[in-house]
Amino acid sequence: MIRNIVFDMGQVLIYFHPEMFFDRMGVPQADRPILEREMFRSVEWTQTDRGTLDEAGAVEAFCARLPERLHGYVHTMVRDWWKEPLLPVPGMAELIAELKELGYGVYLLSNASSRLHEYFPRIPGSEYFDGKLVSADWKQLKPEREIFQTLFREFGLKPEECLFVDDLPQNVEGARFSGMSGIIFRDDVPRLRRELNAAGVPVKV
């Protein structure tokens, strides 16, 4: 029986798209592909999520590969993006509140830097979470098996009683490999509700 629902954050609770940040900062269209490639698709970005590289080191690495005219954007995106209004996924806060009303445990498992602790309270629905596990704090990443085992151990959870919701198939596969159930979130809360129902979680559909 499912007793706990574990959520990813980016593209599940809030939107986190490079284009969204580029629009907010007014990055010229011609410069967007290089910023996305050299920042968001870089090893250093993953290292910040793993907690093996700090923000200063990431900024230094990005700026070393980018023309000087883009350095200001780099600093803003790495150090200050979270100070801007967060864009919640519509309907998720209501779903999380309903899960708590039904008596389910609600947890977060996110590949993110330790900065997440500072902005998490601003995410709608965050007040209902029973716990959160941030990859950078443990130097582990989804979909590696170790991070799921850490989640179970730290919060005293049984894998067979947990269901994981993530937008990336490889992370859901990793969750299933660790013993959890898993659902791929496709930016469709009504569909997620139906899939939760099918898994035995009686939310409204």
Side-chain angles (χ1 to χ4, degrees), residues 2-21 23-24 40 45-46 48-51 77-78 80-138 140-143 147-148 150-152 154-155 157 162-176 180-197 199 201 203-205:
I2 301 300
R3 301 181 186 277
N4 306 287
I5 313 299
V6 183
F7 290 92
D8 176 38
M9 183 187 65
Q11 324 315 347
V12 176
L13 302 182
I14 60 172
Y15 291 112
F16 189 94
H17 292 300
E19 280 297 323
M20 180 175 74
F21 303 126
D23 287 343
R24 286 178 173 179
F40 293 97
W45 194 272
T46 302
T48 62
D49 283 351
R50 190 183 287 279
M77 278 186 282
V78 173
D80 297 327
W81 72 266
W82 58 277
K83 298 177 183 178
E84 297 293 325
L86 303 177
L87 185 60
V89 174
M92 288 302 295
E94 293 79 4
L95 173 59
I96 291 164
E98 186 177 338
L99 288 167
K100 285 304 296 181
E101 281 186 31
L102 291 169
Y104 287 87
V106 179
Y107 297 88
L108 181 84
L109 177 59
S110 179
N111 282 356
S113 75
S114 296
R115 181 76 74 180
L116 182 148
H117 296 291
E118 298 182 51
Y119 61 81
F120 186 69
R122 293 165 48 207
I123 298 176
S126 61
E127 67 270 24
Y128 298 109
F129 278 71
D130 296 289
K132 61 183 184 293
L133 195 145
V134 181
S135 60
D137 294 343
W138 296 91
Q140 299 170 346
L141 287 174
K142 297 176 296 182
I147 196 168
F148 296 106
T150 299
L151 174 77
F152 304 144
E154 287 301 305
F155 298 113
L157 305 177
C162 297
L163 187 151
F164 184 52
V165 179
D166 195 295
D167 64 305
L168 297 179
Q170 63 266 32
N171 292 342
V172 172
E173 192 278 335
R176 290 177 178 174
M180 280 198 277
S181 302
I183 294 173
I184 300 171
F185 182 63
R186 305 180 190 277
D187 199 16
D188 185 340
V189 173
R191 175 174 175 170
L192 175 59
R193 285 178 171 274
R194 294 192 297 270
E195 291 177 312
L196 287 168
N197 247 228
V201 180
V203 293
K204 297 173 184 175
V205 295

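The first residue of the sequence shown is numbered 1, and numbering continues consecutively from there. Both backbone and side-chain heavy atoms feed into the values below; hydrogens, waters and symmetry mates do not.
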Hey, which of D166, V172, D49, L168 is the one that makes side chain to side chain contact (heavy atoms under 4.5 Å, CB included) with K142?
D166
Would you find a donor on one side and an acceptor on the other, under 3.5 Å apart, between the side chain of R122 and the backbone of W82?
yes
Q140 and I147: which non-hydrogen atoms are nearest, and at how many Å?
OE1-CA, 3.3 Å
Are side-chain heavy atoms of N171 and F164 found at a separation under 4.5 Å?
yes
Is any side-chain heavy atom of D23 closer than 4.5 Å to a side-chain heavy atom of M20?
no
With rounding to the nearest 0.5 angstrom, report the CG to CG distance, L133 to L151.
6.0 Å
Tell me whether the rings of W45 and F40 are parallel (<30°), tilted (30 to 60°) or perpendicular (>60°).
tilted
I'd like to know if the side chain of D137 pairs up with that of S114 as donor and acceptor (distance under 3.5 Å, no hydrogens or angles considered).
yes
P88 side chain near I123 side chain, heavy-atom distance below 4.5 Å
no
Compare every heavy atom of P90 with every heavy atom of Y15, then report the nearest pair and how far apart it is.
OH-CD, 3.7 Å
Residue pair D167 / D8, side-chain heavy-atom distance below 4.5 Å:
yes
Under-4.0 Å salt bridge between E173 and R176
no
Between Q11 (side chain only) and F16 (backbone N and O only), is there a donor and an acceptor less than 3.5 Å apart?
yes
Can you confirm whether or not the ring centre of F7 sits under 6.0 Å from the ring centre of Y107?
no
